[in-house]
Amino acid sequence: MPLALGLMSGTSCDGISAALVRFHGRSFRVLAERTSPYPPSLRRLLRHGPALPARALSRLHVELGERLARAAKRLLASSRFSPEHVAVIGSHGHTIYHGPRDATPSTLQIGSADVIAQRTGIAVVSDFRARDLAAGGEGAPLVPYFDKAFFGHGPARALQNIGGIANVTAVGRGVPTIAFDTGPGICLIDLVAQQMSRGKLRYDRGGRLAARGRIDPRAVRRLWAHPYFHRPPPKSTGRDLFNERLLRHVFGARLSRAPLDVLATVTFFTAYSVAESYRRFLPTRIREVIVSGGGVRNATLMRHLAEQLAPTPVHSIERYGLGAQAKEPVAFAYLALRALHGQINHLPETTGAREACVLGTLTLGSKSRDTSIFSPRKTTEKIEASRKTRKIDALA
Ligand SMILES: Nc1ncnc2c1ncn2[C@@H]1O[C@H](COP(=O)(O)OP(=O)(O)OP(=O)(O)O)[C@@H](O)[C@H]1O
Ligand SMILES: [Mg+2]
């Protein structure tokens, strides 16, 4: 199988996570991965994306496309591969709006695929969510297809991603795949850290500040009363529910008077909402929890998660050779490769779509070739041999 490159810009607006991957049967090898942070001005623009006038949004779409293209080229340059080696780029883009339950369901991811294809010469698959919505689904979550393919052949496992929003996929032999957003990921933690530092901190590094505060059990109960947590899956959410407004509603003046306690409480609550959601909505006993996303680096959050899920072991995905922020770009590289071959690349049972289809829009690149005759293995294998990469087999 040729190489595929995945690009992801998540709800945290932290930057572009990219990964270059070779897929081969039921195993894959991550040849390079990196997250390039956004400058503060772009972060602000993306955050205010939904309120931008059409002209500014249209411009942002193209500018983000340029940045995504640069991220792809930089990844290739750092890994000594060239665009000719890559069959496809899977670009998730940045979500500006996601409204699966509107009277007219719609979703908008920006980051021009035309610009990416033009600058890199590589074919791009983008706009994965729109097709699922058109088929009556929620347009999310899409990563479970990848989770099932590579982690679904052993005992029941929960694949928990903690990015801006937290989502879980439960997979395993004989286990019906179930996936949904458990609620806030790192987004409430980031908000409090940013507010208390007046924007100097983007996040609570290592969860060190949260470890110094006191958890308020009453606030935990009030947060848990949010109707989202009581809705059965399939369900997905975003910053429109878990935002500053909610924090003000629950914590009021304590946000500025006792920010360390608020931080400790939302960090605890993030883990609590994950563990409680498992108890309510996962039909199977989980044997292992594998956590990915930037949340893995928050040691306080990980400690709460391990305590609340005990005796079930909680491991970082890094244990399996995959970088915490690499999983999502790896997954979109895989979905894109499937799309390129006209193969189904989502699980309707997890999105609620009426039928299985091939998600994604294909934008051809000038260096794209007929993938049936495209066989760059010799060169890529030589480069691969000179690098220390780990082959990741589907878990048994
Ligand atoms: N050293 C660290 N300590 C604590 N938190 C960290 C650290 N490094 C990153 N993070 C957190 O991880 C977040 C980024 O994670 P990630 O890229 O997985 O989220 P995302 O972009 O929102 O993804 P998505 O919404 O697609 O899941 C940062 O915003 C920050 O909160
Ligand atoms: Mg990110």
Side-chain angles (χ1 to χ4, degrees), residues 6-19 33-38 40 42-44 46-47 49 64 67-68 71 90-96 98 107 109 111 128-129 139-144 146-147 159-169 179-197 199 201-211 236-243 263-264 266-267 270-271 274 290-305 316-318 322-332 335:
L7 296 171
M8 178 72 203
S9 177
T11 45
S12 297
C13 302
D14 60 316
I16 296 168
S17 298
E33 59 162 293
R34 68 191 291 165
T35 295
S36 329
Y38 287 136
L42 182 55
R43 221 176 298 136
R44 261 193 307 275
L46 289 172
R47 198 149 282 156
L64 186 62
R67 205 166 263 278
L68 288 162
S91 179
H92 173 271
H94 190 89
T95 297
I96 294 295
H98 189 64
T107 185
Q109 284 76 43
F128 293 89
R129 299 195 189 274
L142 301 185
V143 176
F146 169 83
D147 289 336
L159 280 300
Q160 179 69 47
N161 192 69
I162 306 186
I165 294 296
N167 54 271
V168 67
T169 312
F180 58 95
D181 286 350
T182 49
I186 207 88
C187 63
L188 297 179
I189 299 171
D190 279 0
L191 268 173
V192 180
Q194 284 158 17
Q195 277 193 8
M196 68 189 280
S197 66
L201 295 179
R202 268 199 294 127
Y203 50 81
D204 177 16
R205 184 174 288 273
R208 284 187 214 129
L209 293 172
S236 57
T237 184
R239 280 170 175 273
D240 41 335
L241 294 190
F242 299 105
N243 53 24
L263 192 60
V266 296
T267 304
T270 303
V274 169
I290 303 178
V291 191
S292 58
V296 163
R297 306 224 170 81
N298 185 315
T300 308
L301 177 62
M302 288 297 279
R303 179 168 52 78
H304 287 315
L305 206 53
S316 161
I317 200 162
E318 287 156 327
L322 202 52
Q325 276 165 279
K327 186 187 161 195
E328 290 199 333
V330 168
F332 281 98
L335 300 191

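Remember, it's 1-based here, ligands and their atoms both numbered in the order they're listed. Computed from a prediction, not measured in an experiment: that's the story for all the values here.
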Pairs under 3.5 Å, nitrogen or oxygen of ligand 1 with protein nitrogen or oxygen:
from, atom 1, to, atom 2, distance (Å)
ligand 1, 3 (N), Gly206, N, 2.8
ligand 1, 3 (N), Arg297, O, 3.4
ligand 1, 15 (O), Gly294, N, 3.3
ligand 1, 17 (O), Asp14, OD2, 3.3
ligand 1, 17 (O), Gln325, NE2, 2.9
ligand 1, 18 (O), Gly294, N, 2.8
ligand 1, 19 (O), Ser12, OG, 3.4
ligand 1, 21 (O), Asp14, OD1, 2.9
ligand 1, 22 (O), Thr11, N, 3.2
ligand 1, 22 (O), Thr11, OG1, 3.2
ligand 1, 22 (O), Ser12, N, 2.7
ligand 1, 22 (O), Ser12, OG, 2.6
ligand 1, 22 (O), Gly164, N, 2.7
ligand 1, 25 (O), Thr11, N, 2.9
ligand 1, 25 (O), Thr11, OG1, 2.6
ligand 1, 26 (O), Glu328, OE1, 2.5
ligand 1, 27 (O), Asn161, ND2, 3.2
ligand 1, 29 (O), Asp190, OD2, 2.9
ligand 1, 31 (O), Asp190, OD1, 2.6
ligand 1, 31 (O), Asp190, OD2, 3.0

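- Side-chain N or O atoms of Asp181 include one that pairs as donor or acceptor with a backbone N or O of Thr237 at under 3.5 Å.
- Side-chain atoms of Ser12 and Tyr203 form no donor-acceptor pair, as typed in the model, at a separation below 3.5 Å.
- No donor-acceptor distance shorter than 3.5 angstrom exists from the side chain of Asp147 to the backbone of Thr169, with no hydrogens or angles considered.
- For residue Glu328, no N/O/S atom approaches the Mg ion (ligand 2) to within less than 2.8 Å.
- Taking the N/O/S atoms of Asp14 in turn, the shortest distance to the Mg ion (ligand 2) belongs to OD1.
- Side chains of Arg239 and Arg47 form a contact here, defined as non-hydrogen atoms less than 4.5 Å apart.
- Enclosure of atom CZ in Arg205 is not indicated, since only 12 or fewer non-hydrogen atoms of other residues, nucleotides or ligands lie within 6.0 angstrom.
- Two residues are said to be in side-chain contact when any heavy atoms from C-beta on lie closer than 4.5 Å; His98 and Ser236 meet this criterion.
- Using a 4.5 Å cut-off on side-chain heavy atoms (C-beta onward), Val296 and Ile162 make no contact.
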